Amino acid sequence: MLRSTARPLLNSTINARPSCREYHLIKHGSRPVRPGSLPNRVCSAGMATDCAGWHLLGTPREELRLEHTLPTGQSFRWRETGDDEYIGVIGQRVVQIRQLEDDVAWRIIGRAPQAAEAEDTAVLADYFNLSTPLADLVRTWSASCDHFARIQPYFQGARMLRQDPTETLFQFLCSSNNHISRIHGMVERLCSGWGTRLPLTRSDEYGGPAHHAFPTLDQLAAVSEADLRAAGFGYRARFVTGSVARLRALGGEAWLATLRAGPPDVAVAALCTLPGVGPKVAACAALFSLDAHALVPVDVHVLALATRHYLPALRGKALTPALHAQVQAAFVARFGAHAGWAHNTLFISELARYRGRVPGTTRAEEVLLARGSEVAEEVDAGPDACARVVGMDGSDASTGKGGRARRKRKGGAASVASSLVEEQMELAPTTPPQAAA
DNA sequence: TCTGGACCTGA
DNA sequence: CAGGTCCAG
């Protein structure tokens with residue numbers, strides 16, 4: 001279990017360099033701290049002129065890496081403001097957050113009047129889902145999947161956030177048939193246009209753009225389809241106004257929040273009744289905000305990696321709802337109750353801008369793909385790969401074709417795969433992931 | 001069930 | 001074409 005409560009870094013009245021020493025003491029107890037270690041980063045010149053307001057999250061690097069969590073597509077509300085530093089909005093608070101060597105530091109730089117300072121720590125811990133220990137899960141996933149074990153060291157601390165349900169739903173309503181930079185802009189315009197502005201509390205140190213809470217459903221009810229089209233939403237404008245209307249009829253934010261308590265398939269079914277919400281968007285909303293830790297949003301990337309490593313028979317098939325369910329089941333069979341979290345790490349490793357990190361991966365897999373389906377059938381079938389497909393509720397669901405056991409043949413393509421990987425790794429020696437901070 | 005096409009915008 | 005969804009055959 002993580003330390004679930006962040007501790008104050010120092011008293012807000014303390015300022016300047018002496019504060020940094022206090023930082024050392026809090027972080028490391030009475031142990032002496034080497035000069036040049038992480039606290040200097042928090043207090044580095046050009047950033048904060050004092051340490052006031054900074055807190056530690058208490059998350060070692062294997063539990064949380066901002067770089068693998070904030071800009072990787074589960075939220076579009078963070079802006080990178082420096083090297084491993086971000087500013088974003090969590091509920092009614094504007095948060096500045098920075099990656100340290102083996103922890104994460106944060107402070108509140110703006111807030112709504114009703115957002116009590118006493119709850120800051122709890123809000124952060126909740127948002128980062130700190131009650132779920134990632135490192136323990138990673139060990140079990142690595143044991144049950146060779147591919148995961150191979151790529152994971154390069155993507156440590158890829159943690160699932162626990163975002164606000166309404167905000168998450170509308171963020172991913174914007175995501176369909178769209179690319180990340182544009183989604184970012186759409187969400188930004190939705191907030192600045194109709195959300196409540198959050199006053200800065202440290203405006204003397206911050207010269208960036210204004211920040212806004214995500215608009216409430218009541219605020220969104222005032223937005224017309226024409227407004228949204230003017231804001232660049234395209235055909236998704238109708239999805240937004242339609243979903244707003246339907247959500248309000250169903251009971252608004254409170255109704256959406258009740259889906260957290262129920263089973264994930266109920267949440268998905270309910271979400272899919274909203275216009276513009278299909279299996280992918282529903283799974284995103286449920287995994288990123290409704291505690292549905294087992295859910296896997298299956299997009300083209302996830303389908304590609306699933307057919308490559310777990311379900312080779314499905315290669316080339318269209319992404320129908322039925323196929324979505326098969327991929328979902330395969331992930332749960334492989335990774336268990338937190339399959340959605342495991343999927344997140346695998347998903348990041350597929351992103352174009354991260355793919356080069358794992359030596360040999362792309363090349364070896366491309367070669368395998370080129371060798372055709374007969375070989376690919378056997379790739380990475382792994383121990384007990386799909387011998388039993390377990391439903392999300394844990395019940396046996398191996399009645400379909402996804403449940404048939406796959407053969408494991410010695411000297412088959414699996415060994416071809418590993419030899420290819422080794423070959424590549426010889427050509428491009430692995431850099432120690434730890435060094436890639 | 002599954003398939004094909006349309007749908008806004010901009011990188 | 002892009003981290004889909006909807007609608008008709």
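Just so we're on the same page: letters track the sequence lines, and every chain starts at 1. Just so we're clear, the structure is a prediction, and the values are computed from it rather than from any experiment.
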**Q** Run the side-chain hydrogen bond (donor to acceptor under 3.5 Å, both in side chains) test against A/Arg77 and tell me which residues pass, sequence neighbours left out.
**A** none
**Q** Counting Watson-Crick and G-U wobble pairs with both distances under 3.5 Å, what is the dot-bracket string for DNA chain B, 5' to 3', using [ ] for crossing pairs and | for pairs to another strand?
**A** .||||||.||.
**Q** Identify which nucleotide among B/dT3, B/dC2, B/dC7 has an atom closest to any side-chain atom of A/Asn177, counting heavy atoms from C-beta outward.
**A** B/dC7
**Q** What residues from residues 277-287 of chain A pass a heavy-atom cutoff of under 4.0 Å to DNA chain C?
**A** A/Val277, A/Gly278, A/Pro279, A/Lys280, A/Val281
**Q** Shoot me the first and last contacting nucleotide of DNA chain C against chain A, ordered 5' to 3', at under 4.0 angstrom to non-hydrogen atoms.
**A** C/dA2 to C/dC6
**Q** Would a distance-only check, ignoring hydrogens and angles, find a side-chain to backbone donor-acceptor pair under 3.5 Å from A/Ser142 to A/Arg139?
**A** no
**Q** Take atom CZ of A/Arg182 and atom P of B/dA11, then tell me their distance rounded to the nearest Å.
**A** 10 Å
**Q** On DNA chain B, compare the nucleotides closest to A/Asn178 and A/Leu323; which residue's is nearer the 5' end?
**A** A/Leu323
**Q** Check every strand shown and say whether A/Pro275 touches a base, only sugar-phosphate, or nothing at a heavy-atom separation below 4.0 Å.
**A** sugar-phosphate
**Q** Taking distance alone, no hydrogens or angles, what donor-acceptor pairs closer than 3.5 Å link side-chain atoms of residues 275-288 of chain A to residues at least two apart or in another chain?
**A**
none

**Q** Just to verify, what does A/Ser224 make a side chain to side chain contact (heavy atoms under 4.5 Å, CB included) with, not counting sequence neighbours?
**A** A/Ala226, A/Asp227
**Q** Report the residues that fulfil salt bridge (Lys or Arg N to Asp or Glu O under 4.0 Å) with A/Asp299, sequence neighbours left out, ordered by chain and then residue number.
**A** none
**Q** Using a strict cut-off of less than 4.0 Å between a Lys/Arg side-chain nitrogen and an Asp/Glu carboxylate oxygen, indicate whether A/Arg93 and A/Asp120 qualify as a salt bridge.
**A** yes
**Q** Give the residues of residues 231-238 of chain A touching DNA chain B, defined as any heavy atom closer than 4.0 Å, sorted by residue number.
**A** A/Gly234, A/Tyr235, A/Arg236
**Q** Once the angle between the rings of A/Phe148 and A/Trp141 is folded into 0 to 90°, is it parallel (under 30°), tilted (30 to 60°) or perpendicular (over 60°)?
**A** perpendicular
**Q** Do A/Glu225 and A/Arg236 sit within salt-bridge range, that is, some charged N less than 4.0 Å from a carboxylate O?
**A** no
**Q** Between A/His179 (NE2) and B/dC8 (P), how many Å, whole number?
**A** 16 Å
**Q** Just call it for A/Leu319: base, sugar-phosphate, or nothing, with non-hydrogen atoms closer than 4.0 Å on any strand.
**A** nothing
**Q** Write down the distance between NE2 (A/His184) and P (B/dG10), rounded to a whole number of angstrom.
**A** 17 Å
**Q** Name the nucleic acid region contacted by A/Leu274, choosing base, sugar-phosphate or nothing; use a 4.0 angstrom heavy-atom cut-off, strictly under.
**A** sugar-phosphate
**Q** So, using side chain to side chain contact (heavy atoms under 4.5 Å, CB included) as the criterion, who are the partners of A/Thr216 when residues are at least two apart?
**A** A/Asp218, A/Gln219, A/Glu253
**Q** Partners of A/Arg260 by side chain to side chain contact (heavy atoms under 4.5 Å, CB included), sequence neighbours excluded?
**A** A/Arg162, A/Pro165, A/Leu290, A/Asp291
**Q** With the criterion being N/O to N/O and under 3.5 Å, what pairs connect the protein with nucleotides 4-6 of chain B, and how long is each?
**A**
none

**Q** Who are the side-chain hydrogen bond (donor to acceptor under 3.5 Å, both in side chains) partners of A/Trp78, not counting sequence neighbours?
**A** A/Tyr127
